[in-house]
Amino acid sequence: MPVTNQPKKQSTDSGIEINDLYCVPLPMTERPGTFPFTRGIHPTMYRDKLWTMRQYAGFSTAEESNKRYHYLLKQGTMGLSVAFDLPTQIGYDSDHPMAEGEVGKVGVAIDSLEDMEVLLKDIPLEEISTSMTINATAYILLALYIALAKKNGYDLKKISGTIQNDILKEYAARGTYIYPPKASMRLITDIFDYCSKEVPNWNTISVSGYHIREAGSDAVQELAFTLANGKAYLESALARGLDINVFAKRISFFFNAHNNLFEEVAKFRAARTMWAEITRSLGATDARAQMLRFHTQTGGSTLTAQQPMNNISRVTLQALSAVLGGTQSLHTNGYDEALSLPTEQAAAIALRTQQVIAYESGVTQTVDPLGGSYFVEALTEKIKDAARKYINTIDAMGGAVAAIEQGYIQEQIAQRAYEYQMAIESGDKIIVGVNKFVTKEEPVKNVFRVDDSIRELQSKKLGKLRSERNQELVNKALSDLHEAVQAEKNIMPYVIDAVTVYCTLGEIADTLRRVYGEYKG
């Protein structure tokens, strides 16, 4: 009997057959998988392959985080998403005075290749993609990952993952920057250039609207400011002489999902169209370089400490909007994250939420199931128009870097955040369990706390590492890196050399501080 490649037929529970796509007759240019990709970047979307289910995790030490990763993989997670503590994010070793009180608290502490070896122990890097939420020190964490892959004999052409590496939103919305904007932009283009040749399956930047939304923007602002930042990265790489048809394929995006289901779906659809238009206008001719691929995380700022179990419903609604909007990857928050880091139970329920949507809801059986809805199509167009107005204003100011330096983006986010909070306090905006349907509650007992002794533990490990490593090799690697930065060479090979001989994250970050200085916002 001949083997056929016919896709498996889909049907409802009542046996009604479901087509892969529903629409009035459309020209090929308006179908999923074709420019401008409004209805999705793949012709059949989730009928052939589900989104990657990730759970953002990292806390305390590398040992403890490694245990959580193995737990999540056993529960069905398809990829890792690593959270780093604040000292790691802003380039301080755990024993630095500025790290006191923060080691291991909001993510895992990574000081050297030794920690990375433990963090990813027994995880097959060629099979599991790893997303790392890291920005100012993204070049160091990527170097650590590459050095570990080399040490373990993995083919760099086969490892895959993402570094967030989006420094512009740090200046505008989050604050974990180190170096001035122009120096930071150079580091980003160094990574673009290096990875396009050496680690071709690595996503070299995840342009993040998530933190813009968490800072208080609305959906339109999240879209507009994120795409404006993405455009700035394209222009910076083009000025460096890089090929947009190569580096743009490895740019991904990171969006937030809030509670207004239809607005969120329309935002995701609008994002694909607008990015396709932006990349084409800057010279991209390869369809893959025009596609907006994105990861979604449910809205952290929407979670409430009051009646925390209600957050399961909020997260479900938000995750559903991401799937209906065509996300490529998804993280669902734990119901207890307004109180602490998620417990294992909360993390498991969050993952199960994705799995129920994927395997029980039926929304994956057809492409862009809300496409053609009068409401959704109208919202998509209106969101595009409103976002374009912001981008035109930013372009007139000289682009995203100039708009951030002039405080425009920060002011717009702050104003919208103020208006939203005033609506909650006046009762015009209802938050269930907070300003309406309030009940008397017992304090939540099962919360996850990271012990302050983690800093002492990490400091002892660092002292031992420094006493045992070859200091002569360390000094040479840091000297070579310093010279490469001053000479404006691509620093990635030098950073990889430095982490390989166990230079610490803080030593490498300080080497660049001596050349670039620190940015004072």
Side-chain angles (χ1 to χ4, degrees), residues 131-139 141-142 161-174 176-197 199-200 202-212 221-255 271-272 274-284 286 288-295 387 390-392 394-395 397-405 408-409 488 490-492 516 519:
S131 173
M132 296 190 283
T133 302
I134 195 75
N135 298 284
T137 54
Y139 67 100
L141 271 298
L142 176 60
T162 303
I163 43 172
Q164 193 165 104
N165 201 27
D166 174 10
I167 202 64
L168 292 180
K169 64 92 176 49
E170 296 295 327
Y171 301 117
R174 191 162 174 266
T176 60
Y177 47 75
I178 302 175
Y179 316 111
K182 289 181 181 177
S184 296
M185 292 293 279
R186 177 166 186 86
L187 295 178
I188 289 168
T189 53
D190 278 359
I191 292 170
F192 284 2
D193 190 14
Y194 177 83
C195 288
S196 67
K197 299 165 186 170
V199 198
W202 196 270
N203 294 327
T204 49
I205 192 167
S206 176
V207 189
S208 177
Y210 186 85
H211 302 97
I212 290 170
Q221 291 174 329
E222 177 193 357
L223 175 59
F225 300 154
T226 304
L227 295 187
N229 288 347
K231 186 177 180 181
Y233 295 127
L234 292 178
E235 291 171 339
S236 179
L238 286 168
R240 181 83 169 261
L242 304 184
D243 184 351
I244 192 171
N245 284 315
V246 176
F247 71 80
K249 293 176 184 177
R250 305 321 307 176
I251 293 177
S252 64
F253 286 79
F254 175 22
F255 287 116
R272 281 191 291 271
M274 294 179 69
W275 185 246
E277 292 169 349
I278 289 170
T279 52
R280 178 179 276 189
S281 72
L282 292 175
D286 189 312
R288 288 181 58 212
Q290 299 166 341
M291 291 179 183
L292 182 144
R293 297 165 297 115
F294 69 101
H295 169 72
Y390 278 115
I391 292 174
N392 289 341
I394 291 168
D395 285 345
M397 298 175 77
V401 175
I404 289 167
E405 289 175 339
Y408 169 74
I409 292 177
E488 296 191 344
N490 189 315
I491 68 165
M492 282 306 298
Y516 294 141
Y519 180 69

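Keep in mind that what you see is a predicted model, and the values were worked out from it rather than measured. Starting from 1, each residue takes its place in the sequence as its number.
Rounding to the nearest 0.5 Å places CD of E277 at 13.0 Å from CZ of R272. The distance from the CG atom of N135 to the CD atom of Q164 is 4.5 Å, given to the nearest 0.5 Å. Within the model, atoms CD1 of I167 and CE of M185 stand 10.0 Å from one another, a figure rounded to the nearest 0.5 Å. To the nearest 0.5 Å, the span separating CZ on R240 from CD1 on I188 amounts to 11.5 Å. In this structure, CG on L242 lies 5.0 Å from CG on D193, to the nearest 0.5 angstrom. With rounding to the nearest 0.5 Å, the separation of CG in D190 from OG1 in T204 is 12.0 Å.
Taking the side chain as every heavy atom from C-beta outward, K182 and V401 never approach each other to under 4.5 Å. L234 has its side chain within reach of W275: a pair of non-hydrogen atoms, C-beta onward, lies under 4.5 Å apart. At least one side-chain heavy atom of L142 sits under 4.5 Å from a side-chain heavy atom of M492. Contact of the L227 side chain with the L292 side chain is registered, since non-hydrogen atoms from C-beta on lie closer than 4.5 Å. Residues L282 and K231 form a side-chain contact, since some pair of their non-hydrogen atoms from C-beta on lies under 4.5 Å apart. Using a 4.5 Å heavy-atom cutoff, the side chains of N229 and I404 are in contact. Within the 4.5 Å cutoff, the side chain of P181 has heavy atoms near those of the E405 side chain.
Between F254 and H211, the two ring planes are perpendicular [angle over 60°; tilted spans 30° to 60°].
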Q: Could you go through the side chain to side chain donor-acceptor pair (under 3.5 Å) check for E170 and T176 one step at a time?
A: CA-CA 6 Å; E170 296 295 327; T176 60; 2.5 Å; yes
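Partners of D166 by side-chain hydrogen bond (donor to acceptor under 3.5 Å, both in side chains), not counting sequence neighbours, listed by chain and number: Y233. For Y177, the ring-ring contact (aromatic ring centres under 6.0 Å, His included) partners two or more places apart in sequence, or in a different chain, are Y171, Y519. Under the rule for a ring-ring contact (aromatic ring centres under 6.0 Å, His included), Y139 has no partner lying at least two apart in sequence or in another chain. Take R186 and apply the salt bridge (Lys or Arg N to Asp or Glu O under 4.0 Å) test, not counting sequence neighbours, and it matches no residue. For S252, there are no side-chain hydrogen bond (donor to acceptor under 3.5 Å, both in side chains) partners two or more places apart in sequence or in a different chain. Residues passing the ring-ring contact (aromatic ring centres under 6.0 Å, His included) test with F247, sequence neighbours excluded: F192.
The only member of N165, I163, T162 that meets side chain to side chain contact (heavy atoms under 4.5 Å, CB included) when paired with S206 is T162.
Judged purely by atom type and a 3.5 angstrom limit, R293 has no side-chain atom pairing as donor or acceptor with the backbone of R288.
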